[in-house]
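Scroll down for the structure; my scribbles are underneath it.
Reminder, nothing fancy here: chain letters follow the sequence lines and each chain counts from 1.
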Amino acid sequence: MKDSPSPLTNAPRRSAFRRRLLRWYDREKRRLPWRETVDPYAIWLSEIMLQQTTVATVLPRWERFLARWPTVEELAAAPAAEVLHEWSGLGYYARARNLHRAAGIVAREHAGRLPSTVEELRRLPGMGPYTAAAVASIAFGEAVAVLDANVERVLARLVALEEDSRSAGGKRHLREWAAALLDPNRPGDHNQALMELGATLCTPKAPACGRCPAAGDCLGRRSGQPERYPLRPARAPMEQAREVALVLARGGRFLVLRRQDGVSFGGMWELPRVRCTANEEPGKAAHRAARELARLPAAKVTGPLLELRHTVMRTKIHLMLWRAAAGAGAVSLRPPHCEFRWIRPRDWAELPKSSTQARIARYLLREGQKK
DNA sequence: AAGACGTGGAG
DNA sequence: TCTCCAAGTCT
C-alpha cells in the first residue's frame, strides 16, 4: 500500500474521502428495513440472508423470518426442520443450519445477547470474517472494516489493483486498504456506504462514475476502463447433466427421502433421483433410482410424467420425472439419505425442499387435484 | 488453497 | 438463450 501511486496514501485525502462517502450515503442510501433497526439479531439475520443473495430476494424473506421468530431465544427454541423449511428456496442451506446452531449457543451461553466483538462473534457457526465484521460494526459500532464482493470491487477500482483480487496477496492488499480507509467514528455506516456504492454505482458492468463521490480519487476511473477491475481468474465452464426423479407409489402415497446434514441440500426432502450415466435411458435410470436409493428392486417403472430444466451451481440439469409402482419390500436407505416417508402431495408441502423439488411438488399437487 | 455449496434476476 | 454474479463460509 505504501508503494501505491494512490493519492489515498495521504491521510488528509483519506479523511476527505470518508467525508464525501458518508455524505453521499446519508443522502442516497436505499431505505432497507434492516437499516431501520438497531436489534443485533435482526441485523445479523440480514447479513446471513444477504450472503450471495440479492436484496430483492431477501426483503420478503427477512420480514417473514423475523415475524416468525422475533428473538434469538425463539429461534433457538424452534425445531431445526422448521427453520430449514423457512429457508426453502433461499439456497446455501448450511446458512440456516448454522444460524440455528448459533442461536442456540447465543441463547444458552450468552443469555440471549449476541456477543458484541468480532473476536467473539467469529466463534459462532456461520460467522465468517465478513459477517462478524459487519455485525460488530453495524450493530455495535466496533471499528472494523468489512470486505465483501462490493468493497472488493470498489477498492480494486479505487487503487487500480493489478492483482488477482481473490488471491491471498490480493485479498491481503484489499484488507489493508479497507482498514486504512475505514472511518473510525462511523464504522457501521462507512462499511455500508462502501457496500452501497458497490451495489448501486460501482457496479460490475457500466459503473456510474459520473455520480460517484469517490470518482476524483479513483485510479480505475482514471485508467479509462474501471470495469476491468477487480482482476479475477476465468470461471469454470458449465456442465450438462440428465437426472431422473421418481414418483415411487405405494398405496396412494409416494416416497420422499431426507438428505443428511452436511451434504448438498442437507436436511431437505426430495424424491429419489439419480444422475443418468452416459447414454443411460431414463427408464433404466428410474429403475436404478428405486433399486439403489431405496432398495426396492421390485419397482415397476410405468412412464414419464414431466420434464424440467434447472441449474445448480455450474451444472445445467435436464430433469425427467418418472412414475413407478414401488412393489413389495422394505425401504432401506444409504447416504446421502437418512430418513424416508410415504406421503401424499399435500403433506410434502410441509417439508423443507429445494426450489426444484418444490416445483415438482406443485406439479403433483395440481395433477392430484384434477382427479 | 481450491472447490463445494443454490438461486433468481439482470443484461 | 446464456453468462454473470449477489452483503461468504467451510473444509
Notebook entry, point to check: So what does A:Arg35 touch, heavy atoms closer than 4.0 Å: a base, only the sugar-phosphate, or nothing?
Noted result: base

Next item on the list: For B:dG8 versus C:dT9, give the span between their P atoms, rounded off to a whole number of Å.
Entry: 22 Å

Checklist line | Spacing of A:Leu84 atom CG relative to B:dT7 atom C1', expressed in whole Å | finding: 15 Å

Notebook entry, point to check: How many Å lie between CE on A:Met313 and C1' on B:dA2, as a whole number?
Noted result: 13 Å

So which protein N/O to nucleotides 9-11 of chain B N/O distances come out below 3.5 Å?
none

Next item on the list: Indicate, with a heavy-atom threshold strictly under 4.0 Å, whether A:Leu32 touches base, sugar-phosphate, or nothing.
Entry: base

Notebook entry, point to check: In whole angstrom, what separates A:Ile317's CD1 from B:dC5's P?
Noted result: 11 Å

Checklist line | Contacts of type ring pair (Phe, Tyr, Trp, His ring centres under 6.0 Å), residue A:Trp24, not counting sequence neighbours | finding: none

Check: Looking for any heavy atom pair under 4.0 Å, which part of the strands does A:Trp34 touch: base, sugar-phosphate only, or nothing?
Finding: base

Margin query: Can you see if the side chain of A:Ser355 gets near the phosphate of B:dG8 - specifically, an N or O under 4.0 Å from OP1 or OP2?
Written below: yes

Can you give me every donor-acceptor pair (side chain of residues 110-117 of chain A, partner residue at least two apart or in another chain, under 3.5 Å) with its distance?
{"unit_1": "A:Thr117", "atom_1": "OG1", "unit_2": "A:Glu120", "atom_2": "N", "d": "3.3"}
{"unit_1": "A:Thr117", "atom_1": "OG1", "unit_2": "A:Glu120", "atom_2": "OE1", "d": "3.0"}

Side-chain donor-acceptor pairs of residues 67-80 of chain A under 3.5 Å, sequence neighbours excluded:
{"unit_1": "A:Arg68", "atom_1": "NH1", "unit_2": "A:Glu86", "atom_2": "OE1", "d": "2.8"}
{"unit_1": "A:Arg68", "atom_1": "NH2", "unit_2": "A:Glu82", "atom_2": "OE1", "d": "2.8"}
{"unit_1": "A:Thr71", "atom_1": "OG1", "unit_2": "A:Glu74", "atom_2": "N", "d": "3.1"}
{"unit_1": "A:Thr71", "atom_1": "OG1", "unit_2": "A:Glu74", "atom_2": "OE1", "d": "2.7"}
{"unit_1": "A:Glu74", "atom_1": "OE1", "unit_2": "A:Thr71", "atom_2": "N", "d": "3.3"}

Check: Roughly how many Å is it from CZ in A:Arg235 to P in B:dA4, rounded to a whole number?
Finding: 13 Å

Next item on the list: Using a 4.0 Å heavy-atom cut-off across all strands, classify A:Lys171 as base, sugar-phosphate, or nothing.
Entry: nothing

Note to self: Suppose we screen for ring pair (Phe, Tyr, Trp, His ring centres under 6.0 Å). Which residues come up paired with A:Phe254, at least two apart in sequence or across chains?
What the structure shows: A:Trp348

Notebook entry, point to check: Distance from A:Glu47 atom CD to A:Leu99 atom CG, nearest 0.5 Å?
Noted result: 12.5 Å

Next item on the list: Determine the sole option in A:Arg18, A:Arg14, A:His190 for which the side-chain contact (heavy atoms from CB on, under 4.5 Å) test with A:Leu182 is passed.
Entry: A:His190

Checklist line | Atom-to-atom span, CZ of A:Arg359 to C1' of B:dG6 - whole angstrom | finding: 14 Å

Notebook entry, point to check: Within this structure, what is the CZ-to-P distance between A:Arg61 and B:dG6, rounded to whole angstrom?
Noted result: 15 Å

Side-chain polar contacts of residues 267-278 of chain A - donor-acceptor pairs under 3.5 angstrom, sequence neighbours left out - could you list them?
{"unit_1": "A:Glu270", "atom_1": "OE1", "unit_2": "A:Arg273", "atom_2": "NE", "d": "2.9"}
{"unit_1": "A:Glu270", "atom_1": "OE1", "unit_2": "A:Arg273", "atom_2": "NH2", "d": "3.1"}
{"unit_1": "A:Glu270", "atom_1": "OE2", "unit_2": "A:Arg259", "atom_2": "NH1", "d": "3.0"}
{"unit_1": "A:Glu270", "atom_1": "OE2", "unit_2": "A:His337", "atom_2": "NE2", "d": "3.3"}
{"unit_1": "A:Arg273", "atom_1": "NH1", "unit_2": "A:Glu243", "atom_2": "OE1", "d": "3.4"}
{"unit_1": "A:Arg273", "atom_1": "NH1", "unit_2": "A:Glu243", "atom_2": "OE2", "d": "3.2"}
{"unit_1": "A:Arg275", "atom_1": "NE", "unit_2": "A:Glu243", "atom_2": "OE2", "d": "3.3"}
{"unit_1": "A:Arg275", "atom_1": "NH2", "unit_2": "A:Glu243", "atom_2": "OE2", "d": "3.1"}
{"unit_1": "A:Thr277", "atom_1": "OG1", "unit_2": "A:Glu280", "atom_2": "OE1", "d": "3.4"}

Next item on the list: Could you tell me which residues satisfy side-chain contact (heavy atoms from CB on, under 4.5 Å) with A:Pro297, sequence neighbours excluded, listed by chain and number?
Entry: A:Arg291

Notebook entry, point to check: With rounding to whole Å, what would you report as the distance between C:dA7 and B:dC5 at their P atoms?
Noted result: 23 Å

Notebook entry, point to check: Looking across every strand, which nucleic acid part, if any, lies under 4.0 Å from A:Thr131 by heavy atom: base, sugar-phosphate, or nothing?
Noted result: sugar-phosphate

Check: Partners of A:Glu239 by side-chain contact (heavy atoms from CB on, under 4.5 Å), sequence neighbours excluded?
Finding: A:Thr315

Check: With a 4.0 Å cut-off on heavy atoms, is A:Ala134 in touch with a base, just the backbone sugar-phosphate, or nothing at all?
Finding: nothing

Check: First and last nucleotide of DNA chain C touching chain A, 5' to 3', heavy-atom cut-off 4.0 Å?
Finding: C:dT3 to C:dC10

Next item on the list: Mind running a 4.0 Å heavy-atom check of residues 89-101 of chain A against DNA chain B and sending the residues that fall below it, in number order?
Entry: A:Gly89, A:Leu90, A:Gly91, A:Tyr92, A:Tyr93

Check: Under the side chain to side chain donor-acceptor pair (under 3.5 Å) rule, what pairs show up with a residue in residues 292-302 of chain A, not counting sequence neighbours?
Finding: A:Arg288-A:Glu292

Note to self: What is the distance, to the nearest angstrom, from the CE atom on A:Met238 to the P atom on B:dT7?
What the structure shows: 13 Å

Notebook entry, point to check: Under 4.0 angstrom, heavy atoms only, what part of the nucleic acid is A:Ala206 near: base, sugar-phosphate, or nothing?
Noted result: nothing

Using residues 200-208 of chain A as the side-chain source, report each donor-acceptor pair under 3.5 Å to any protein atom, sequence neighbours left out, with the distance given to one decimal.
{"unit_1": "A:Thr200", "atom_1": "OG1", "unit_2": "A:Glu196", "atom_2": "O", "d": "2.7"}
{"unit_1": "A:Thr203", "atom_1": "OG1", "unit_2": "A:Lys205", "atom_2": "O", "d": "2.9"}

Next item on the list: Kindly assign one of parallel, tilted or perpendicular to the pair A:Tyr93 and A:Phe265, based on the angle between their ring planes and the thresholds 30° and 60°.
Entry: tilted

